[in-house]
Amino acid sequence: MTPKTGATTARPADPCCLVIFGASGDLTHRLLVPALYNLAAAGLLPQAFGLVGVARSPSSSEAFRADLAKSLPQFAGRPIDQNVLKRVLGCVAYVQGDPDDDSTYTKIGQELARIERERSTRGNRLFYLATPPAGFAPIGRHLGESGLARENGADRAADRGPWRRVIIEKPFGTDLASAHALNEKLLGILKEDQIFRIDHYLGKETVQNIMVLRFANGLFEPIWNRNHIDHVQITVAESLTVGRRGNYYDTTGALRDMVPNHLFQLLSLIAMEPPSRFAADAVRAEKAQVLEAVQIPTTAEALHNSVRAQYDNGFVENQPIEPYRKTKDVDPRSTTETYVALKLMIDNWRWADVPFYLRTGKALRGKQTEVAIKFKQAPIAMFRDTPVDRLAENFLVIGIQPNDCIGLEFNAKVPGPSIALGGVSMTFRYDDYFEAAPSTGYETLIYDCMTGDAILYPRADGIEAGWRVVQPFIDAFRDARDRQLAKYRAGSEGPKEADELLARDGRRWRPIG
Ligand code: BG6
């Protein structure tokens, strides 16, 4: 076994000032600032760094700094080193203001000018839109009109002069039309290479490793196609309920919340063609292209190839769970799905006739995110007492969370005088080999943006290709309403209709939990 290593050869990111819109929110406290701390602890945050928080709530720079310092120990996942803390919060400003008001941008500009003078951040600015989605387009417009995000195109083309970048949180649109409109608005103000649309799934080491598994090993690619693969299952199961997010969730549902973003990131990494280079445009073009090859179903096909369901009462990890409809801020007659399963087909030479089954849901038996690739069975029953249909199935399982591992399941001979076969597995676990540094999952994404590497950020075409696939399901679900809504018990593995979706093809889901 190779020695454990957490060593990094990366350089600190470019000097810059980070402006967070939505600074008083959960995301800032729980994930973003702890990620900055973790970057600083790893020596990856630039020495010259400043942080400007923008939010509506009344506060001051001192109070904002104190607030962040107070919440940090809880979320950084490690003891706080005061020197590192000083590096992150040594230069903090708070701007109270309405993000739709010109004067807010004047104040931000003043703070930026001050910090840029004091800290020599070279004019590099990163704007992080951690607000509710209604804020994205107006903030983008104000950043454009105020000139705060303006770059000198000629300088940037020559890789000189200050950069100005904008990270946009999810959800990026609520359907194809709104995602397209948002892209258009932003691209009217900023260049594509200034826009970083974040999907936190791409910050997960195990998700990033899918490309390494496929393209750094000669072993898998030759069998990564319809000749050898029977089908693919992508599961993002959560034991969490909707909890306090009723307001957002009831108008969103499992399909919009998870599929065009997180599940499609997984799907495109699994199904994409090898890029010509490991560079942002090459990778993003292949990811978008495979999504463009997903068959767009008719309404009838969408209904036939999907299951939507809502959780009823039950028990998750021994805790009683109320039905979704009793959740705070949820319509008691809501028909919003908390579970969705889809069967998708990809029309290209690699994947024709190989179904991709996707499922995601809340209040399920356990948290389990995995991609399972089922290889075709051995063609004949060579071993007398074990017919082909009783052989263990050959699965390559990429466990993303909570078990980050890669396992290969195959048949072996059970020791003894007769030939009996049993299913076994070979498993690589990340923590057997590598020491993982504490992480909120945002470190790599923020660092990449600060260094201008957009490989992990979907481009406009990738985002719209995802919505284009999901749109027929959105339309079909809207029109079908109650008729199409199944129920499942909280704490179960999902509705029986989802089992039937696979059973009808002679297949079955892998167990959850
Ligand atoms: C978010 C969704 O984007 O992802 C949540 O809005 C979901 O509903 C979460 O719970 C899942 O993320 P993770 O990293 O816990 O799998």
Side-chain angles (χ1 to χ4, degrees), residues 22 25-28 30-32 34-35 75 77 128-134 136 167-174 179 197-210 234-267 269 308-311 316-317 321 324 327-330 334 336-340 358-371 398-405 430 436 438-446 456-458 463 466-467 470 490 494 512-513:
D26 230 31
L27 183 67
T28 304
R30 276 194 316 120
L31 299 167
L32 302 185
F75 300 116
Y128 198 121
L129 276 48
T131 61
F136 299 163
I167 296 184
I168 298 165
E169 262 298 329
K170 94 172 246 283
F172 197 94
T174 53
R197 304 167 188 82
I198 207 160
D199 184 316
H200 80 276
Y201 262 55
L202 291 169
K204 296 183 194 288
E205 289 288 344
T206 33
V207 173
Q208 292 169 35
N209 194 44
I210 296 175
I234 301 180
T235 299
V236 180
E238 297 184 88
S239 50
L240 280 181
T241 63
V242 170
R244 288 181 300 163
R245 298 170 74 217
N247 238 331
Y248 157 78
Y249 200 87
D250 206 37
T251 53
T252 307
L255 177 70
R256 285 185 164 101
D257 186 41
M258 300 294 286
V259 177
N261 34 64
H262 308 327
L263 275 85
F264 279 5
Q265 287 303 330
L266 298 174
L267 180 142
L269 289 167
R308 61 192 295 269
Q310 195 181 71
Y311 63 81
V316 175
E317 284 144 14
I321 303 294
Y324 170 72
T327 308
K328 182 169 174 293
D329 299 327
V330 165
S334 170
T336 299
E337 79 284 351
T338 59
Y339 176 102
V340 68
L358 280 59
R359 63 179 163 166
T360 182
K362 303 257 183 225
L364 291 169
R365 174 165 301 158
K367 182 168 175 77
Q368 183 171 315
T369 303
E370 67 170 37
V371 178
I398 303 173
I400 294 174
Q401 57 191 15
N403 303 318
D404 27 359
C405 59
Y430 277 76
S439 159
T440 72
Y442 278 68
E443 289 78 358
T444 310
L445 295 168
I446 296 176
L456 297 177
Y457 286 88
I463 297 269
W467 280 114
V470 160
I512 293 177

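Predicted model only: the values in this text are computed from it and were never measured. As a basis for the values below, the full set of heavy atoms in this structure was taken, side chains included, without hydrogen atoms, waters or symmetry mates. In listed order, ligands and their atoms are each counted from 1. Throughout, residue positions are numbered sequentially from 1 according to the sequence presented.
Of all the atoms in ligand 1, the ones that sit under 4.0 Å from a non-hydrogen atom of K170 are 1 (C), 2 (C), 3 (O), 6 (O). Near K362, with a cut-off below 4.0 Å to any heavy atom, the atoms of ligand 1 are 5 (C), 7 (C), 8 (O), 10 (O).
Atom 6 (O) of ligand 1 has D257 OD1, 2.7 Å as its closest protein atom, hydrogens excluded (heavy atom only). Here the heavy atom of the protein found nearest to atom 15 (O) of ligand 1 is K367 NZ, 2.9 Å. Of the protein's heavy atoms, H262 NE2, 3.6 Å lies nearest to atom 1 (C) of ligand 1.
Not a single heavy atom of T369 sits less than 4.0 Å from an atom of ligand 1.
Considering E238, R245, H200 only, the shortest heavy-atom separation from atom 5 (C) of ligand 1 involves R245. Relative to atom 14 (O) of ligand 1, the option among K204, Q368, M258 with the closest non-hydrogen atom is K204.
At distances below 3.5 Å, not a single donor-acceptor pair connects side-chain atoms of Q401 with backbone N or O atoms of T369. Between the side chain of E169 and the backbone N or O of I198, no donor-acceptor pair lies under 3.5 Å. Proximity of a side-chain donor or acceptor of Q368 to a complementary backbone N or O of T235 within less than 3.5 Å is not detected. Of the possible donor and acceptor atoms, one in the side chain of T338 sits under 3.5 Å from a partner among the backbone N and O of Y311.
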(request) Please step through side-chain hydrogen bond (donor to acceptor under 3.5 Å, both in side chains) for the pair D329 and Y248, ending with a clear verdict. (result) CA-CA 9 Å; D329 299 327; Y248 157 78; over 6 Å; no
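Across all non-hydrogen atoms, the minimal contact from D257 to R245 is OD1-NH2, 4.2 Å.
At a heavy-atom cutoff of 4.0 Å, ligand 1 is contacted by the side chain of Y201 but not by its backbone.
Between Y249 and ligand 1, no N or O atom pair is found at a separation short of 3.5 Å.
In this structure the side chain of R359 reaches within 4.5 angstrom of the side chain of I512, judged on heavy atoms.
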